[in-house]
Amino acid sequence: MSTKIRRILVANRGEIAVRMIATCRDMNITAISIYSDHDASLPHASLADESYGLGSGTLAETYLNQQTIIDIALAAKADAIHPGYGFLSENAAFAKAVATAGLIFIGPPSDVIEKMGDKMASREIAIAAGVPLIPGYNGKSQDEKTLLDEAIKIGFPIMVKASAGGGGKGMRRVDEAGDFIAALHQAKSEAMNAFGDDRMFIEKYLVEPRHIEVQVMSDTHGNHLHLFERECSIQRRHQKIIEESPSVAVDEALRKKLTQTALNLCKKIGYVGAGTIEFMLDADGKFYFLEMNTRLQVEHPVKEMIKGLDMVRL
């Protein structure tokens, strides 16, 4: 049984909220926005068909206040909540709470968000789906000796990475065994401060790799499609600066392998909604799974420009 979505609460602010409101208008769907007192004069607060205040306070008290947002959605008789990107977009607890409240969460199921948001768990899923991984250590043991021994087995240079990491936080490149422990301590401390989780895994460091990501879109009927790849190799401090599509490093044969691998992973996890599967490409043309972003990304207009599709509408 399908449910007609007539009213959507946009659980975000700024550019992505304005973007979603415009698409809702094109689809004759009532757009409901939320805003903090500080943001009352911003465009997203006035462009929607209906707007509701979150009161004043910190982000935790406003745009990250899950219960308040759900209460507003229910009071406004919304059918669904779209989280946009950032804020609550990859929060499994929020996705579950939305569904428990009888609303539609426009995105993947909460268990998929949870599994793919944990880099160690997502690596295990990728292995089960036959997706190639960068050589590394993904075990449960976190004692320093085990991690150092595994790093030596892999061979330097290696990367120490936080399981719950993102945005380049909790990551350190290590070129020699003698530098490993200090780098591990730094990465664990940064990860605990940023994510409240200092579990680490280790990967072989690829020298001069390319960062290639595949845009995917899945519906609630088990259909999965890709919108080809983006290249985001030009970065600063592990933050993407330039997104390009198609990648000049990907020929048709490699493109077919990359996109099919991405779709296989989507099928394996029962994905729903927009997502991005990121790969590292080495100098020999071999690619390896890096992570999955279980949301619409800020760079989604790159795909819209080359495909002529409205990804928010999809």
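Model, not experiment: these values are computed from the prediction.
Side chains of Q215 and H300: no donor on one and acceptor on the other come within 3.5 Å. E213 and T276 share no side-chain donor-acceptor pair at under 3.5 Å. Counted by atom type alone, S247 and E229 present zero donor-acceptor pairs between their side chains at under 3.5 Å. Checked by atom type, the side-chain pair R19/T23 shows a donor-acceptor distance below 3.5 Å. A donor and an acceptor atom, one from each side chain of D143 and T146, are located under 3.5 Å apart. A donor-acceptor contact closer than 3.5 angstrom links the side chains of S245 and K303. Side-chain contact, H211 with E231: no donor N or O sits under 3.5 Å from an acceptor N or O. Residues E61 and N65 have side chains that never bring a donor and an acceptor to within less than 3.5 angstrom of each other. Side-chain contact of S218 with H224: a donor-acceptor pair under 3.5 Å is present, judged by distance alone. In summary, the side chains of D175 and Y205 do not present any donor paired with an acceptor at a separation below 3.5 Å, with no hydrogens or angles considered. Side-chain contact of D49 with T30: a donor-acceptor pair under 3.5 Å is absent, judged by distance alone. Using modelled atom types, one finds no donor on one side chain facing an acceptor on the other under 3.5 Å when comparing Y288 with E278. A donor-acceptor pair shorter than 3.5 Å cannot be found between the side chains of Q260 and H226.
Salt bridge annotation for R172-E190: present, with a cationic side-chain nitrogen under 4.0 angstrom from a carboxylate oxygen. Ion pairing of E244 with R230 is absent here, as no side-chain N (NZ or NE/NH1/NH2) approaches a carboxylate O to less than 4.0 Å. A salt bridge is defined here as a Lys NZ or Arg NE, NH1 or NH2 lying under 4.0 Å from an Asp or Glu carboxylate O, and D197 with K188 fails to meet this definition.
F228 and L258 are assigned to two separate hydrophobic clusters, defined by single-linkage of ILVMFWY side chains at heavy-atom distances under 4.5 Å. Both L314 and V298 are part of a single hydrophobic cluster, where members link through side-chain heavy atoms under 4.5 Å apart. Linking Ile, Leu, Val, Met, Phe, Trp and Tyr residues whenever their side-chain heavy atoms come within less than 4.5 Å places Y35 and I32 in a single cluster. Under the 4.5 Å side-chain heavy-atom criterion for Ile, Leu, Val, Met, Phe, Trp and Tyr, L74 and L54 are members of the same hydrophobic cluster. Under the 4.5 Å side-chain contact rule for hydrophobic residues, L206 and I154 do not share a cluster.
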Salt bridge (Lys or Arg N to Asp or Glu O under 4.0 Å) for R123 and E203? Distances and angles first, verdict last. CA-CA 11 Å; R123 284 168 62 87; E203 283 183 345; 2.8 Å; yes
D39/Y63 under side-chain hydrogen bond (donor to acceptor under 3.5 Å, both in side chains): CA gap, chis, key distance, verdict: CA-CA 11 Å; D39 295 341; Y63 294 100; 2.6 Å; yes
Report the C-alpha separation of D118 and R199 in whole Å, then their side-chain angles, then the decisive distance to 0.1 Å, and conclude whether the salt bridge (Lys or Arg N to Asp or Glu O under 4.0 Å) test is met. CA-CA 10 Å; D118 184 309; R199 290 174 302 139; 2.7 Å; yes
May I have the step-by-step check of salt bridge (Lys or Arg N to Asp or Glu O under 4.0 Å) for R7 and D79, ending in yes or no? CA-CA 5 Å; R7 298 170 64 82; D79 302 303; 6.0 Å; no
Walk me through whether R6 and I29 qualify under side-chain contact (heavy atoms from CB on, under 4.5 Å). CA-CA 5 Å; R6 297 180 177 85; I29 292 173; 5.9 Å; no
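Side-chain atoms of N138 come within 3.5 Å of backbone N or O of M120 as a donor-acceptor pair.
Hydrophobic clustering, defined by side-chain heavy atoms of Ile, Leu, Val, Met, Phe, Trp and Tyr closer than 4.5 Å, leaves V302 isolated from every other such residue.
Residues passing the ring pair (Phe, Tyr, Trp, His ring centres under 6.0 Å) test with Y271, sequence neighbours excluded: none. Scored by the salt bridge (Lys or Arg N to Asp or Glu O under 4.0 Å) test, E150 finds K153 as partners (sequence neighbours excluded).
Scanning both residues, L147 and I202, for their nearest heavy atoms gives O-CD1, 3.2 Å.
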